[in-house]
Student: 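Once you've had a glance at the structure underneath, I'll fire off some questions.
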Amino acid sequence: MLTVEWSYQGGWQRPRIQPFGNLSIHPACSALHYAIQSFDRAELLECIRKLVEVDQEWVPHSDAASLYIRPTFLGTEPSLGVKKPSQALLYVILSPVGSYFTTGAKPVSLWADSKYIRSWKGGTGDCKMGGNYGASIFAQYEAVDYGCQQVLWLYGDDHQITEVGTMNLFLYWTNEKGEEELATPPLDGIILPGITRQSILELAGKWKELKVCERYLTMSDLRCGLKENRVKEMFGSGTACVVSPVGRVLYQGENLQIPYQQENSLASRLLKELTDIQYGRTPSEWSFLV
């Protein structure tokens, strides 16, 4: 694991790569009480590269698995005052992992309900913070009770579609103007700007085969599109899952069946092209040799 300590007086200390082990923290550690965990990524990439170099034998030699890299930043000041901490610890742990979902590449089912809101304007929904996740777990358990695997987060009175569990969302359809379109909600402050999301937008945009855009989508839009047979696919995107197709959405007591064909689907094409880049099978300006 990689650890880097920080203090207000001394700034960032020398990074250390050490055997994986427990952390020792004060009971009044600010991260435990106030979820002070957001971090600046500057200088972090080179430290992670060195860590992976040291532990490279743990990288799975399989297309169905990967090495998961988990950076964490927490305020460690032993104080109960609500303030920016004067001490912090940045650490990174690694773990070989298999498929993100137990269903593998099979489409996932979603529970869409406006009862719970993941994020809101002026909040921290667009930041990678530990505090964003704890409150969402209760809704996840309720989704399972309804026979679904993930939560489709909605926002506003018009039930805007925002994210899927911890993934960004894409809708591939024929839009209201009759255009073949790949759409995802815009980064308006409540959406996490995922790197896989951005990669899909750029990759599909280079094909010049369909309209690629960021736009608001509502459950009404989805319902209407399904009724008029304009919806082709829906899928989530994320670091661990890469691309995950959606097969069903439970909304207001109605099961909305989302079309999906494993062969020749846009989701499978994107998954293949992205993983080919990730595994070095396809040259790309996004890749660099270690």
Side-chain angles (χ1 to χ4, degrees), residues 35 100-103 105-173 175-176 181-194 196-197 200 214-241 243-260 267:
Y100 186 70
F101 292 112
T102 57
T103 55
K106 294 181 181 178
V108 296
S109 54
L110 309 178
W111 177 58
D113 197 301
S114 58
K115 182 177 177 181
Y116 303 110
I117 299 175
R118 191 195 79 86
S119 62
W120 50 90
K121 299 288 179 67
T124 59
D126 59 342
C127 302
K128 188 73 171 179
M129 295 182 64
N132 289 345
Y133 294 87
S136 70
I137 294 174
F138 188 82
Q140 172 64 30
Y141 272 88
E142 192 159 339
V144 172
D145 289 340
Y146 281 102
C148 299
Q149 295 162 279
Q150 293 285 323
V151 178
L152 175 56
W153 298 102
L154 306 179
Y155 180 77
D157 294 336
D158 57 350
H159 293 185
Q160 293 174 25
I161 296 171
T162 62
E163 295 187 2
V164 180
T166 56
M167 300 182 289
N168 293 118
L169 179 105
F170 283 86
L171 177 64
Y172 174 38
W173 69 337
N175 67 19
E176 305 90 334
E181 178 180 85
L182 177 64
T184 191
L187 303 180
D188 61 355
I190 64 173
I191 301 289
L192 193 67
T196 309
R197 171 189 182 275
I200 290 173
E214 299 174 73
R215 55 164 289 183
Y216 290 105
L217 299 165
T218 66
M219 287 305 299
S220 177
D221 293 330
L222 178 60
R223 263 180 162 170
C224 183
L226 288 169
K227 185 177 180 180
E228 297 175 358
N229 295 317
R230 292 188 285 109
V231 174
K232 301 176 186 293
E233 297 174 48
M234 179 185 279
F235 53 88
S237 70
T239 304
C241 71
V243 176
S244 179
V246 174
R248 175 172 66 92
V249 178
L250 176 59
Y251 175 66
Q252 295 182 341
E254 180 183 4
N255 274 308
L256 305 177
Q257 299 296 330
I258 310 298
Y260 174 71

Student: Within the side chain of Gln149, is there an N or O that forms a donor-acceptor pair under 3.5 Å with the backbone of Val144?
Tutor: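 It does not hold such a pair.
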Student: Over all heavy atoms of both residues, which pair between Ala35 and Gly131 is shortest? Give the atoms and the distance, please.
Tutor: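 Shortest heavy-atom separation between Ala35 and Gly131 comes out as CB-CA, 4.1 Å.
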Student: Hey, could you give me the CG/CD distance between Asn255 and Gln257, rounded to the nearest 0.5 Å?
Tutor: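 Rounded to the nearest 0.5 Å, the CG-CD separation comes to 6.0 Å.
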Student: Can you confirm whether the side chains of Asp188 and Tyr216 place a donor and an acceptor under 3.5 Å from each other?
Tutor: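 A pair is found: one side chain offers a donor N or O, the other an acceptor, under 3.5 Å apart.
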Student: Testing Ile258, Leu256, Leu171 for side chain to side chain contact (heavy atoms under 4.5 Å, CB included) with Val246, which one passes?
Tutor: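 Considering Ile258, Leu256, Leu171, a side chain to side chain contact (heavy atoms under 4.5 Å, CB included) with Val246 is found only for Ile258.
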Student: List the steps, then state whether side-chain contact (heavy atoms from CB on, under 4.5 Å) holds for Phe170 with Leu182.
Tutor: CA-CA 7 Å; Phe170 283 86; Leu182 177 64; 3.9 Å; yes
Student: Is a side-chain donor-acceptor pair under 3.5 Å present for Asn132 with Thr124?
Tutor: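 Yes, a side-chain donor-acceptor pair sits under 3.5 Å.
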Student: Quick one: closest heavy-atom pair of Val249 and Ala112, and the distance?
Tutor: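 That closest heavy-atom pairing would be CG1-CB, 3.9 Å.
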Student: Decide, yes or no, whether a salt bridge links Glu181 with Arg215 under the criterion of side-chain N to carboxylate O below 4.0 Å.
Tutor: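 Yes, charged N to carboxylate O under 4.0 Å.
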Student: Answer yes or no: is there a side-chain heavy-atom contact under 4.5 Å between Thr218 and Ile161?
Tutor: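 A side-chain contact is absent here, since even the closest heavy-atom pair is not under 4.5 Å.
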Student: Evaluate the side-chain contact (heavy atoms from CB on, under 4.5 Å) criterion for residues Asp113 and Val151: first the C-alpha distance (whole Å), next the side-chain angles of each, then the deciding distance (0.1 Å), finally the verdict.
Tutor: CA-CA 8 Å; Asp113 197 301; Val151 178; over 6 Å; no
Student: Keeping the roles fixed (side chain from Ser119, backbone from Gly125), state whether a donor-acceptor pair exists under 3.5 Å.
Tutor: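 Not at all, since once roles are kept as given, no pair shorter than 3.5 Å links the two residues.
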Student: Any chance you could measure Ser114, atom OG, to Tyr251, atom OH, to the nearest 0.5 Å?
Tutor: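 So the OG of Ser114 and the OH of Tyr251 are separated by 7.0 Å.
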Student: For Arg248, enumerate each residue passing the salt bridge (Lys or Arg N to Asp or Glu O under 4.0 Å) test, keeping only those at least two apart in sequence or located in another chain.
Tutor: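 Not a single residue meets the salt bridge (Lys or Arg N to Asp or Glu O under 4.0 Å) criterion with Arg248.
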Student: Please work out which of the three classes, parallel, tilted or perpendicular, describes the rings of Tyr116 and Phe138, given edges at 30° and 60°.
Tutor: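 Perpendicular, since the angle between the ring planes exceeds 60°.
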Student: Say you draw a straight line from CG of Asp221 to NE2 of His159; how long is it, rounded to the nearest 0.5 Å?
Tutor: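 Going from the CG atom of Asp221 to the NE2 atom of His159 covers 13.0 Å.
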Student: Should we say atom NZ of Lys121 is surrounded by more than 12 heavy atoms from elsewhere, each under 6.0 Å from it?
Tutor: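 Correct, the count exceeds 12.
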Student: Determine whether more than 12 heavy atoms belonging to other residues, nucleotides or ligands lie under 6.0 Å from atom CG of Asp157.
Tutor: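 No.
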Student: With sequence neighbours left out, write down each residue that passes ring-ring contact (aromatic ring centres under 6.0 Å, His included) with Tyr155, or none if nothing qualifies.
Tutor: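 Here no residue qualifies.
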Student: State, with a plain yes or no, whether a side-chain heavy atom of Phe235 is found less than 4.5 Å away from one of Ser244.
Tutor: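 Phe235 vs Ser244: side chains apart.
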Student: Any luck finding a side-chain donor-acceptor pair between Trp111 and Gln150 under 3.5 Å?
Tutor: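 Note: Trp111 and Gln150 side chains miss the donor-acceptor criterion.
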Student: Is a side-chain N or O of Asn168 found less than 3.5 angstrom from the main chain of Thr184, in a donor-acceptor match?
Tutor: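 Not confirmed, Asn168 side chain does not pair with Thr184 backbone.
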Student: Report the C-alpha distance between Leu169 and Thr162 in whole Å, list the side-chain angles of each, state the deciding distance to 0.1 Å, and finish with yes or no for side-chain contact (heavy atoms from CB on, under 4.5 Å).
Tutor: CA-CA 7 Å; Leu169 179 105; Thr162 62; over 6 Å; no
Student: Can you confirm whether Trp173 sits close enough to Leu217 that some side-chain heavy atom of one is under 4.5 Å from a side-chain heavy atom of the other?
Tutor: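 In contact.
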Student: Work out which heavy atom in Trp153 is nearest to a heavy atom in Gly165; give both atom names and the distance.
Tutor: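 Scanning both residues completely, I find the closest heavy atoms to be NE1-O, 3.3 Å.
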Student: After noting the C-alpha distance and the side-chain angles of Arg197 and Glu214, does the key distance pass the salt bridge (charged side-chain N to carboxylate O under 4.0 Å, His left out) rule?
Tutor: CA-CA 11 Å; Arg197 171 189 182 275; Glu214 299 174 73; 2.6 Å; yes
Student: Measure the shortest side-chain to side-chain distance between Met167 and Cys241 over non-hydrogen atoms and say whether it is less than 4.5 angstrom.
Tutor: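 With C-beta onward as the side chain, the pair touches.
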Student: Please find the pair of heavy atoms, one from Leu154 and one from Met219, that lie closest to each other, and give the distance.
Tutor: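 That closest heavy-atom pairing would be CD2-CG, 3.7 Å.
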Student: Can you tell me how far the CG atom of Leu152 sits from the CG atom of Leu250, to the nearest 0.5 Å?
Tutor: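 Answer for the CG-CG pair, Leu152 versus Leu250, is 10.5 Å.
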Student: Within this structure, what is the SG-CG distance for the pair Cys148 and Leu110, rounded to the nearest 0.5 Å?
Tutor: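 With rounding to 0.5 Å, SG (Cys148) is 7.0 Å from CG (Leu110).
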Student: Walk me through it: do Arg230 and Glu176 pass the test salt bridge (charged side-chain N to carboxylate O under 4.0 Å, His left out)?
Tutor: CA-CA 9 Å; Arg230 292 188 285 109; Glu176 305 90 334; 5.3 Å; no
Student: Can a donor-acceptor pair be found between the side chains of Lys128 and Tyr133 at a distance below 3.5 Å?
Tutor: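 Tyr133 and Lys128 do have a side-chain donor-acceptor pair below 3.5 Å.
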